[in-house]
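Each chain gets a letter, A, B and so on, in the order its sequence line appears, and its residues count up from 1.
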Amino acid sequence: KDDRVIASPLAKRLAAAKGVDLDSLTGSGPHGRIIKADVEGAQPGTAKPKAAA
Amino acid sequence: MADYDYDVLVIGAGPGGYVGAIRAAQLGLKTACAEGRETLGGTCLNVGCIPSKALLHASEYFEAAKGGAMAKMGIKVTPELDLDVMQGQRKDAVSGLTGGIEFLFKKNKVDWLKGYAQFKDAHTVEVAGKTYTAKNVVIATGSSVTPLPGVEIDNAKGVVVDSTGALELSAVPKKMVVIGGGVIGLELGSVWRRLGAEVTVVEFLDQLLPGMDMDVRKEASKIFKKQGMTLKLSTKVTGVEVKGKKAKVTVEPSKGGDAEVLDADVVLVAIGRRPNVDGLGLDKIGLELNQRGQIETDHDFATKVDGVWAIGDVIPGPMLAHKAEDEGLAVAENIAGLTGIVNHDVIPGVVYTQPEIAGVGLTEEAAKERGAVKVGKFPMLANSRAKTNHEPDGFVKVIADAETDRVLGVWCIASVAGTMIAQAAQAMEFGATSEDIAYTCHAHPTHSEAIKEAAMAVTGKPIHI
Amino acid sequence: MADYDYDVLVIGAGPGGYVGAIRAAQLGLKTACAEGRETLGGTCLNVGCIPSKALLHASEYFEAAKGGAMAKMGIKVTPELDLDVMQGQRKDAVSGLTGGIEFLFKKNKVDWLKGYAQFKDAHTVEVAGKTYTAKNVVIATGSSVTPLPGVEIDNAKGVVVDSTGALELSAVPKKMVVIGGGVIGLELGSVWRRLGAEVTVVEFLDQLLPGMDMDVRKEASKIFKKQGMTLKLSTKVTGVEVKGKKAKVTVEPSKGGDAEVLDADVVLVAIGRRPNVDGLGLDKIGLELNQRGQIETDHDFATKVDGVWAIGDVIPGPMLAHKAEDEGLAVAENIAGLTGIVNHDVIPGVVYTQPEIAGVGLTEEAAKERGAVKVGKFPMLANSRAKTNHEPDGFVKVIADAETDRVLGVWCIASVAGTMIAQAAQAMEFGATSEDIAYTCHAHPTHSEAIKEAAMAVTGKPIHI
Ligand SMILES: Cc1cc2nc3c(=O)[nH]c(=O)nc-3n(C[C@H](O)[C@H](O)[C@H](O)COP(=O)(O)OP(=O)(O)OC[C@H]3O[C@@H](n4cnc5c(N)ncnc54)[C@H](O)[C@@H]3O)c2cc1C
Ligand SMILES: Cc1cc2nc3c(=O)[nH]c(=O)nc-3n(C[C@H](O)[C@H](O)[C@H](O)COP(=O)(O)OP(=O)(O)OC[C@H]3O[C@@H](n4cnc5c(N)ncnc54)[C@H](O)[C@@H]3O)c2cc1C
């Protein structure tokens, strides 16, 4: 599903936690990869955030 | 919270369960782990990954000495096998490592509840007559050997055995028949072949190692044959008859045809593993199994029953220790309210024969079903380290999306393929293209350079071939 | 274009030169490569990486048999060394691989100009009395052994030798003194120690392996000592006296002090390598050297002289074959008008002793100069594969930026560290954080899991320790 989005493993995890849609981000990592900092700077709400247990 | 004895109670202390329990405790949750076995570590440490690798490693040296590889390097040897000592070091490895988990439980303050656990309700579990309550229960009961209908396993007798029995043999069989050409059969078959057994592998399908890339499966067959294994592919076992210390295995073509009888001193049944759910009391919590007898979960490893989670061999997916471990980490993090994810697209698999066989991601066949691919292949024969080390067998294969160049799968047959594959998994986690791998500096001379060359071959420009 | 015999003429067919020449030809450029040696492949294939690894691999087996490791695994052996055969397989590896480059030159239509090349002007080079013109000339002349003032090397005699002579010894010396505790000295010292020599390593600095991470250097010392090497650190050689087939090496503390005399059957001088520039005729093209005798280039590997490029050991940077190779690829791509880049921050380095020692990126010391760091460390003793394989020595160390968590360096001491480091380099090429590595699935049981654990340790949560 996120076939075209290239993100680091941690970035994917953070995006899921924050409810950030990776599709909405531009990567600033090497070769345009989405990295931690990109997700941290993003606005949540584009995807369903994870409910705390 | 105060209503429960524990925040988390894990059932089963295999790699899924013990890792999950430790991470839960690290995250500040009050944690217990129930284990029925005498020692911690599950299948993997007791009768799986570890003892098999102990015998594989030792028997590799025996074969190097016996088979002439050392002589070719200028070392004259006439090795003599002391199987007791070899088995002793296997046991030492197991007890050292299972004892290590016990130490880690103490260090991280995970309570080990000794005995088999049974659900009373979704938050209550009975272990050895005592009842414990927990806000979250994680089922990590793993798997055990799938029996072959009509064939009775007797590990104590040592004639018809499963993988556990095949690890414990006290003498090298003259003739060994391995039923099942998957990872476990090939690993244990290799151990005893190296130590002197005539090994015949019987596989129902038309090729070894189901689930792996077809190129890899074919090359593996060639290599195992060259090493002296007899392979009977597209063949089914119709009966096993034991007489005293010998067995007769009746086989016939999978599609039917003339039967043949194979004599054996030891028959290893290695046709697969199935989830451990008997006696767990799943009916008490209303949890149903899928058609394959597995527990289904969502992405967070939660089952349909609130507060009950499941990980490892007992849920769908490849039955691998590291898949179980990563699910253990993830479920603990999810229970703690963090985000635990396992990327099931990037789980490497390794066969610890010599050469090792490893892969991660899609097979070429599966990748082609998704769309057009480009494939780069590089033979180990052209890798300078492999050549220098007299390890000419195998290749590396990189499969990339034809349009985006994104790497979809990497397959290696090489002496250290299991170590090489870590780089491929790392690259795929970053959505690497083949060119990303090709333009990464690889130390010379290493087997890993073959990954670089195969990646260069995807776009048509390998150097050393 | 038509005015020149060649688009590209490469001087030197080491890993820098031959790879550059092949890639240039692959990109459609008319290419020649001049080499003075009888065979292609340079230092690396002829007298460097390859022959040293051939002896390291074989001698490792000898030591496993002789030193009791095989006996502990249940294999009784009394090995006998046949040095001629061991040396024969070294020569076979070398001739197989150098012949392979000759084949690749033919296949890719690279002309091999046999002989030493000398500049007439920036576009004209003389080789064996003939003159060739080229639009681009790439200097890839590599390096050779740095002599020790006052000490005469005589490889033919076999008493005071350099690395080339140390590869060719026809008998195992009883006592060997290695001058220089760098990679080459330790690798070749290990070979002869394993085969039976008493080896003393004399190092001027206060620790072995200058340039590597200090933790690694200290641990390496401990391991080499445990293996039976005598290490004389902070010690300088003041003289070597040869009498017949023996030598006396006089040493004293680096800072001055009482002298001591070491007896030796063989003295290996391995204090470093220096660029090959003599006789190249650099004066004819007005190209000057830097203070260390190296040719300086810009990021594209262009020298100050138009149309003249340089790569490999002859320019600044680590003297490593893969650095030379990657520069060879890059310079060819730059000449062809593409973009060739080498990321000099991510060049792995490997010492092929047992255990292997490997690193990529910054040392902890260098990283700390940049800013605050977090370090995760994991001992191989706690890695299940290493433990099972009786390979308890070593550790993995991950150094990350304290603020961004970005990995700045990874160091490993482990039996297969050279293979493991490929993953670290791959991760660093993607700007990985330690958590990116920690959350990548690693196959169990593999040595690579120690990289995952060390990465988890950066943020404080390893599992298996
Ligand atoms: C011979 C062999 C070799 C293998 N080699 C490898 C390899 O090299 N690499 C690899 O990745 N995988 C390997 N595997 C597979 C690997 O062992 C499993 O994938 C892994 O152990 C699964 O982990 P788990 O935690 O899900 O379950 P398990 O390891 O099966 O552990 C489950 C534990 O739960 C306990 N248990 C079950 N029911 C209960 C109960 N009701 N109450 C309390 N305790 C209970 C069991 O006693 C067991 O100890 C091998 C398997 C075998 C048999
Ligand atoms: C014992 C030893 C072990 C080593 N092990 C490793 C290792 O494991 N891994 C690693 O990465 N590195 C290793 N190295 C270092 C490695 O060999 C060098 O870094 C590498 O060879 C450099 O490549 P190059 O192409 O720059 O030069 P070289 O390999 O030195 O090749 C230069 C070539 O140019 C030729 N030449 C010189 N001048 C002229 C001229 N005027 N005309 C024509 N030809 C000329 C020379 O004959 C030579 O063949 C080792 C070195 C030694 C000595």
Side-chain angles (χ1 to χ4, degrees), chain B residues 15 19 22-23 26 49-50 53-54 57-58 61-62 64-65 70 72-77 79-83 85-86 89 93 96-97 321-322 325-326 343 346-348 350 384-385 387-389 416 418-423 425-427 429-430 440-448 461 463, chain C residues 15 19 22-23 26 49-50 53-54 57-58 61-62 64-65 70 72-77 79-83 85-86 89 93 96-97 321-322 325-326 343 346-348 350 384-385 387-389 416 418-423 425-427 429-430 440-448 461 463:
Chain B
V19 167
I22 291 173
R23 177 54 54 100
Q26 285 178 339
C49 327
I50 294 307
K53 267 83 255 178
H57 186 71
Y61 276 91
F62 184 75
M70 283 174 68
K72 276 194 196 135
M73 291 190 283
I75 307 157
K76 291 194 239 171
V77 274
E80 210 184 300
L81 177 64
D82 186 335
L83 187 55
V85 172
M86 195 176 281
Q89 57 101 39
L97 288 164
H322 42 286
E325 288 189 54
D326 282 10
N343 181 358
V346 182
I347 294 183
V350 181
S384 62
R385 186 78 177 287
K387 182 143 190 185
T388 302
N389 285 8
V416 288
T419 315
M420 290 161 73
I421 208 70
Q423 180 201 347
Q426 189 69 69
E429 271 295 355
F430 280 100
T440 294
C441 190
H442 287 62
H444 176 83
T446 59
H447 296 83
S448 300
K461 288 199 188 56
I463 290 292
Chain C
V19 167
I22 291 172
R23 177 54 54 98
Q26 285 177 338
C49 327
I50 295 306
K53 266 83 252 177
H57 186 70
Y61 276 91
F62 184 75
M70 284 175 68
K72 276 192 196 139
M73 292 190 282
I75 308 157
K76 291 193 239 172
V77 275
E80 210 184 300
L81 176 65
D82 185 335
L83 187 57
V85 172
M86 194 175 282
Q89 58 102 39
L97 288 165
H322 42 287
E325 288 190 55
D326 282 11
N343 181 358
V346 183
I347 295 182
V350 181
S384 61
R385 185 77 176 288
K387 183 145 189 183
T388 302
N389 286 6
V416 288
T419 314
M420 291 161 73
I421 207 70
Q423 180 201 347
Q426 189 70 69
E429 271 295 348
F430 289 125
T440 294
C441 190
H442 286 62
H444 176 82
T446 60
H447 296 84
S448 300
K461 287 200 187 53
I463 290 291

Given that the side chain runs from C-beta out, which part of [X] has a heavy atom under 4.5 Å from chain B: side chain, backbone, both or neither?
X        : result
C/Ala93  : side chain
C/Ala427 : both
C/Asp326 : side chain
C/Val346 : backbone
C/Gln26  : both

Are side-chain heavy atoms of [X] and [Y] found at a separation under 4.5 Å?
X       : Y        : value
B/Ile50 : C/His444 : yes
B/Arg23 : C/Lys461 : yes
B/Lys76 : C/Val85  : no

Residue selection (most heavy-atom pairs with chain B, distance under 4.5 Å) from [options]:
options                               : value
C/Pro15, C/Ala58, C/Pro348, C/Ala443  : C/Ala443
C/Thr419, C/Val77, C/Leu81            : C/Thr419
C/His57, C/Met86, C/Lys72             : C/His57
C/Ala425, C/Ala64, C/Pro445, C/Gly96  : C/Pro445
C/Ile463, C/Val19, C/Leu83, C/Thr446  : C/Ile463
C/Met420, C/His447, C/Lys387, C/Gln89 : C/Gln89

- request: Answer with side chain, backbone, both or neither: which region of B/Glu429 has an atom nearer than 4.5 Å to a non-hydrogen atom of chain C?
  value: side chain
Which atoms of B/Ala422 approach chain C - backbone, side chain, both or neither, heavy atom under 4.5 Å: both
- prompt: Roughly how far, to the nearest 0.5 Å, is OG of B/Ser448 from CD of C/Gln426?
  reply: 10.0 Å
- prompt: Between atom SG of C/Cys441 and atom CD1 of B/Ile347, what is the distance when rounded to the nearest 0.5 Å?
  reply: 5.0 Å
- prompt: Looking at C/Lys53 and B/Thr388, what are the two nearest heavy atoms and their distance?
  reply: C-CG2, 3.9 Å
field: Minimum heavy-atom distance between C/Ile75 and B/Tyr61, given as atom pair plus value
entry: CD1-CB, 3.6 Å
statement: If you tally heavy-atom pairs under 4.5 Å between each of B/Ala321, B/Ala65, B/Ser384, B/Ala54 and chain C, the highest tally belongs to B/Ser384
- request: Over 60° means perpendicular and under 30° means parallel, so classify the ring planes of C/Phe430 and B/Phe430, tilted if in between.
  value: parallel
